[in-house]
Amino acid sequence: MKSFYKFMVVLLFCLYLIILSKQILFKFLPLQVIVDHITLNFEGETFWHSHNFIPFKTISYYLFTAADMNFSIRIVNLAGNVIGFMPFGFLMPLLSRKFLNLKVIILATFCLSLAFELIQLIFRFGSFDVDDLILNTFGGVLGYLFIFLILKFIFNNRK
């Protein structure tokens with residue numbers, strides 16, 4: 001039974017990573033556009049200006065500055081990053097006991113998020129945004145706290 005449980009968690013985790021990759025890297029691009037688009041050409045001012053390297057710039061824009069923008073668009077952009085990484089923080093402790101530590105979850109979530117952001121920066125599949133790193137990591141922490149509380153409740157009731 002334990003091996004079936006582990007298999008299901010691994011399968012769910014793989015499915016999650018596929019969906020997350022699709023949502024982050026390939027949300028607007030059909031396959032042929034991706035093949036044609038891969039380039040390491042960093043010339044041009046517009047390329048660097050489409051990215052955000054200033055912490056909390058995008059977050060504060062959506063929260064305080066973008067009053068003329070539809071409220072639901074602002075919430076989807078902020079909450080989407082948080083919610084998208086909650087399953088990572090939730091599933092990792094179920095995959096390995098090494099991830100029962102908050103610091104490890106923070107580091108692992110940050111590294112996964114950074115990998116996605118760097119792929120977007122290098123291959124221009126989207127835009128690098130340091131605020132995505134912050135929101136994604138926060139989402140991983142929330143997912144971890146959720147499973148941590150559930151596991152704590154389960155183990156406390158067994159005693």
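- F90 and L11 are members of different hydrophobic clusters when ILVMFWY side chains are connected at heavy-atom separations under 4.5 Å.
- Placement of I19 and L135 in two distinct hydrophobic clusters is found when ILVMFWY residues are connected by side-chain heavy-atom separations under 4.5 Å, directly or transitively.
- Shortest non-hydrogen contact noted between G89 and I147 is O-CG2, 3.9 Å.
- At distances below 3.5 Å, not a single donor-acceptor pair connects side-chain atoms of Y144 with backbone N or O atoms of F88.
- Side-chain atoms of Q120 do not come within 3.5 Å of backbone N or O of L25 as any donor-acceptor pair.
- Both I154 and M92 sit in one connected hydrophobic cluster of ILVMFWY residues. Membership requires side-chain heavy atoms under 4.5 Å apart, directly or through other members.
- L12 and L91 get closest at one heavy-atom pair: CD2-CD2, 3.9 Å.
- No continuous path of ILVMFWY side-chain contacts below 4.5 Å connects I54 to Y61, so the two sit in separate hydrophobic clusters.
- The CD1 atom of I73 sits 12.0 Å away from the CG atom of L78 when rounded to the nearest 0.5 Å.
- Distance check, rounded to the nearest 0.5 Å: NZ of K57 to OH of Y62 gives 12.0 Å.
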Can you give each donor-acceptor pair under 3.5 Å made by side-chain atoms of residues 93-111, sequence neighbours left out, with the distance rounded to 0.1 Å?
residue, atom, partner, partner atom, Å
S96, OG, K98, N, 3.2
N101, OD1, K103, N, 2.8
T109, OG1, I105, O, 2.7

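- To the nearest 0.5 Å, atom CD1 of residue I24 and atom CZ of residue F125 are 13.0 Å apart.
- Minimum heavy-atom separation, I134 to P55: CD1-CB, 4.2 Å.
- Heavy-atom neighbours of F13 CZ from other residues, nucleotides or ligands within 6.0 Å: above the threshold of 12.
- Atom CZ of residue F138 and atom CG of residue L133 lie 15.0 Å apart, to the nearest 0.5 angstrom.
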Item to check | Chi angles and distances behind the side chain to side chain donor-acceptor pair (under 3.5 Å) call for S72, N70 | outcome: CA-CA 6 Å; S72 63; N70 185 323; 2.8 Å; yes
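- Taking CG from L121 and CZ from F116, the interatomic distance works out to 15.0 Å, rounded to the nearest 0.5 Å.
- Residue S113 forms a side chain to side chain donor-acceptor pair (under 3.5 Å) with just one option from N136, D132, N81, and that option is N136.
- Shown here for F53 and F128, the closest heavy-atom pair between the two residues is CE2-CD2, 3.5 Å.
- Within the model, atoms OG1 of T65 and CD1 of I59 stand 12.5 Å from one another, a figure rounded to the nearest 0.5 Å.
- The two residues D131 and T58 come nearest to each other via the heavy atoms OD2-N, 2.5 Å.
- Hydrophobic clustering, with ILVMFWY side chains joined whenever heavy atoms are under 4.5 angstrom apart, keeps I75 apart from L142.
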